[in-house]
**Student:** 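Take this structure first; my questions come after.
Chain A is the first sequence line, chain B the second, and so forth, proteins listed ahead of strands; every chain is numbered from 1.
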Protein chains: 2
Amino acid sequence: MESRCENCIIRQFNSLRAMSKEELKHVSDSKVTKTVKKGEALFEEGDKLNGVYCVRNGISKLSKLSANGKDQIVKLATKGEVLGQRSVIAEESTNLSAIAVQDMEVCFIPKESITNTLQKNPNFTLEVLRHMAHDLKEADDVIVNISQKTVKQRIAEAFLYLKNNFGEDEQGFLALTLSREDISNVVGTATESAIRIISEFKKKGLIHTSGKKIGIKDERKLMEMVDGF
Amino acid sequence: MESRCENCIIRQFNSLRAMSKEELKHVSDSKVTKTVKKGEALFEEGDKLNGVYCVRNGISKLSKLSANGKDQIVKLATKGEVLGQRSVIAEESTNLSAIAVQDMEVCFIPKESITNTLQKNPNFTLEVLRHMAHDLKEADDVIVNISQKTVKQRIAEAFLYLKNNFGEDEQGFLALTLSREDISNVVGTATESAIRIISEFKKKGLIHTSGKKIGIKDERKLMEMVDGF
DNA sequence: GGGATTCTATGACAATTGTCAGGTTTGGAA
DNA sequence: TTCCAAACCTGACAATTGTCATAGAATCCC
C-alpha cells in the first residue's frame with residue numbers, strides 16, 4: 001500500500017509543508033515511490049529532469065565531474081531533502097549527479113505538480129526560496145573552506161560534519177560510512193592524500209577505524225585543528 | 001531630481017521587472033539612492049540588512065573572511081544585480097561583505113517593500129527564485145573549479161571571466177582593474193603566487209600589463225590552459 | 001614636492017599536495 | 001569456500017603552493 005503525502009512526516013522538513021491540502025493531494029496522486037540501491041544514480045549531470053525527488057530514507061551524494069576526471073561532491077542530501085528543484089525551477093538540465101551512498105527510498109514528483117504550485121501558492125514559492133537561500137549560504141561556506149583551509153583541516157571538518165549531520169552508530173562509528181574516495185571527493189583532494197591523513201589522525205588518536213568505518217575519538221582536538229591549531 | 005524605478009532600465013535585468021506598477025511605485029517612494037566610493041563597504045559580514053541594494057552602476061566584490069584572516073571573493077556583482085536578497089529572505093544576518101571595487105551608484109530598497117511583494121506576488125517570488133537558482137549553480141561551479149584546478153588554471157579562467165563579464169577598454173585592457181590581492185582572493189591563493197603567475201603569463205605572451213591593468217593577448221592559449229593543456 | 005604608505009615584484013626556502021608504483025586487505029560473486 | 005576485483009594503504013618522488021624577506025614602483029596626503 002502506497003502511503004499518502006498528506007500523512008508523510010518527511011514533508012515537515014521541507015518546502016512541501018507549505019502546500020495546501022488540495023495541492024498535496026494532487027502531488028500524492030501523481031508521485032511514484034522508488035527504491036535506489038547504494039551506488040545507483042537518481043539522475044546524472046546533464047539530465048533533463050521531469051520532476052523532483054523527495055528523500056524518504058537513505059543518503060545521496062550530489063556531485064559534479066571536473067575536467068580532470070574527478071568528481072567533486074558538493075552536498076550530501078538526506079531524509080527530508082528535495083533534489084532536483086533547481087533544475088526544475090530554472091528549466092535547465094541539471095548540473096549535478098545524484099548517486100546513492102546508502103540504499104534510498106525516494107518519491108518522484110512530476111514537475112507539473114511543482115511548477116503549478118509555484119505559480120499559484122506564494123507561500124510555497126517563498127518556502128522553496130528560503131531553502132535555496134540556505135543552500136546558497138552553505139555553498140559560500142564550502143567555497144571559503146576549500147580555498148582557505150588545508151586538506152588536513154578540511155578532512156577534520158568533514159568528520160565533524162558527518163557526526164553532526166548523520167550521527168554515530170552503537171559502537172561510536174560515524175553512521176554514514178563513505179569510501180575513502182568519496183571522502184577525498186568531498187574535501188577536494190587526491191584519494192591517497194585523504195588516506196594518508198586518515199592514517200595520521202589514527203596515529204595521533206584523533207579517530208579510530210575498523211575497515212571503512214571511522215569513529216571520532218578526540219572531538220576537541222579535531223575542532224582545534226579545523227581552526228588552525 | 002530622483003529618478004523613478006518605473007522608468008529605470010536597470011530593472012529589466014533583475015527580478016524587480018516582475019513587480020506590478022503599484023508595487024514599483026511603492027518601492028520607488030521608499031528607495032534611497034546612494035553613491036559608494038571605491039573601497040567603501042555597502043555592508044559587512046554579520047550585518048543585519050534592513051533592505052536590499054540594487055546596483056545602478058559600478059562593481060562590488062562579495063567576500064567572506066576566513067579563519068586565517070584572508071578574504072575569499074565569492075562573486076563580483078555589477079549593474080542590474082540585487083545584493084542582500086538572501087539575507088532579507090532568510091531573515092538572517094548576511095554572510096558576506098560587499099565592498100566597491102569601483103565607484104558605485106546603488107538604490108537601497110527597504111526590506112518591507114520586498115517582503116510584502118514576496119508574500120503577495122507569486123511572479124516576483126518565482127523570478128527571485130530563478131535568480132537564486134542560477135546563483136547556486138554558479139556557486140557549485142566555483143566549488144568544482146577551486147578544488148579541482150590548479151592556481152594557474154584558475155587565474156587564466158579569472159581573466160577570461162573578467163573579459164567576458166566586464167569587457168575591455170579602448171586600449172585592450174580589462175575594463176575591471178582588480179588589485180593583485182583581489183585577484184588572489186578571487187582564485188583563492190596567496191598574493192605572491194598570483195603575482196608570480198601573472199609574471200609568467202606575461203613572459204609567455206598570454207597577457208600584457210601596464211601598472212595594475214591587465215590585457216589579454218592570447219585568448220586561445222588561455223582557454224587551453226583552463227582545460228589543462 | 002617629499003615622505004610615508006601601500007602595492008607590486010622576485011628570490012629562497014619549506015611545507016603541502018599530487019602522482020606513480022607497488023603492495024595488502026576486503027568484500028562480494030561464482 | 002575460493003577467487004577476483006575493488007578498495008585500501010604506503011613509499012618515493014616531483015610539482016605546486018605558501019611563507020618570509022626584501023626591494024623597487026606607484027600612490028596618497030600633507
**Student:** Under 4.0 Å between a Lys/Arg side-chain N and an Asp/Glu carboxylate O for B:K64 and A:D141?
**Tutor:** yes
**Student:** For chain A and DNA chain C, what are the first and last nucleotides along the strand, 5' to 3', with at least one atom under 4.0 angstrom from a heavy atom of the protein chain?
**Tutor:** C:dT17 to C:dC20
**Student:** Using salt bridge (charged side-chain N to carboxylate O under 4.0 Å, His left out) as the criterion, list what pairs up with A:R154, not counting sequence neighbours.
**Tutor:** none
**Student:** Tell me which donor-acceptor pairs under 3.5 Å the side chains of residues 203-214 of chain B have, and how far apart each pair is, sequence neighbours excluded?
**Tutor:**
from, atom 1, to, atom 2, distance (Å)
B:K204, NZ, B:E200, OE2, 3.0
B:T209, OG1, B:K202, NZ, 3.2

**Student:** Using the test salt bridge (charged side-chain N to carboxylate O under 4.0 Å, His left out), find all partners of B:E92 that sit at least two apart in sequence or belong to another chain.
**Tutor:** A:K137
**Student:** Can you tell me which stems DNA chain D forms when a stem means 3 or more consecutive Watson-Crick or G-U pairs under 3.5 Å?
**Tutor:** C:1-30 with D:1-30
**Student:** Once you round to the nearest 0.5 Å, how far does CD of A:Q72 lie from OG of B:S147?
**Tutor:** 3.0 Å
**Student:** My understanding is that only residues two or more places apart in sequence, or in another chain, count here; which of them pass side chain to side chain donor-acceptor pair (under 3.5 Å) with A:N145?
**Tutor:** A:K149, A:E157
**Student:** For B:D47, give me all partners under salt bridge (charged side-chain N to carboxylate O under 4.0 Å, His left out), at least two apart in sequence or on another chain.
**Tutor:** none
**Student:** Could you measure the distance from the NZ atom of B:K111 to the NZ atom of B:K48? Nearest 0.5 Å is fine.
**Tutor:** 8.5 Å
**Student:** Which heavy-atom pair separates A:L49 from A:G84 by the least distance, and what is that distance?
**Tutor:** CD1-CA, 3.6 Å
**Student:** For B:D135, is there an ion pair with B:K75 - N to carboxylate O distance below 4.0 angstrom?
**Tutor:** yes
**Student:** Cut-off 3.5 Å, no hydrogens considered: what does the side-chain donor-acceptor table look like for residues 96-105 of chain B, sequence neighbours left out?
**Tutor:**
from, atom 1, to, atom 2, distance (Å)
B:S97, OG, B:E45, N, 2.8
B:D103, OD1, B:K38, N, 2.8
B:E105, OE2, B:R56, NE, 3.4

**Student:** Looking only at heavy atoms, which two atoms of A:Y161 and A:L76 are closest? And how far apart?
**Tutor:** OH-O, 4.1 Å
**Student:** Please tabulate, for the side chains in residues 186-199 of chain A, all donor-acceptor contacts under 3.5 angstrom to protein atoms that are two or more places apart in sequence or on a different chain.
**Tutor:**
from, atom 1, to, atom 2, distance (Å)
A:T191, OG1, A:S184, OG, 3.4
A:S199, OG, A:I195, O, 3.1

**Student:** Of the residues in residues 146-161 of chain A, which ones touch DNA chain C at a heavy-atom distance under 4.0 Å?
**Tutor:** A:T150, A:V151
**Student:** Working to the nearest 0.5 angstrom, can you tell me the gap between B:T78 OG1 and B:N57 CG?
**Tutor:** 8.0 Å
**Student:** One character per nucleotide, please: for nucleotides 21-30 of chain D, 5' to 3', B when the base has a protein heavy atom closer than 4.0 Å, S when only the sugar-phosphate does, - otherwise.
**Tutor:** ----------
**Student:** Tell me which residues in residues 176-189 of chain A lie within less than 4.0 Å of DNA chain D, going by non-hydrogen atoms.
**Tutor:** A:S179, A:R180, A:E181
**Student:** On DNA chain C, nearest-nucleotide positions of A:I197 versus B:I198: which is more 5'?
**Tutor:** B:I198
**Student:** Identify whether the distance between the nearest side-chain nitrogen and carboxylate oxygen of A:K61 and A:D182 falls below 4.0 Å.
**Tutor:** yes
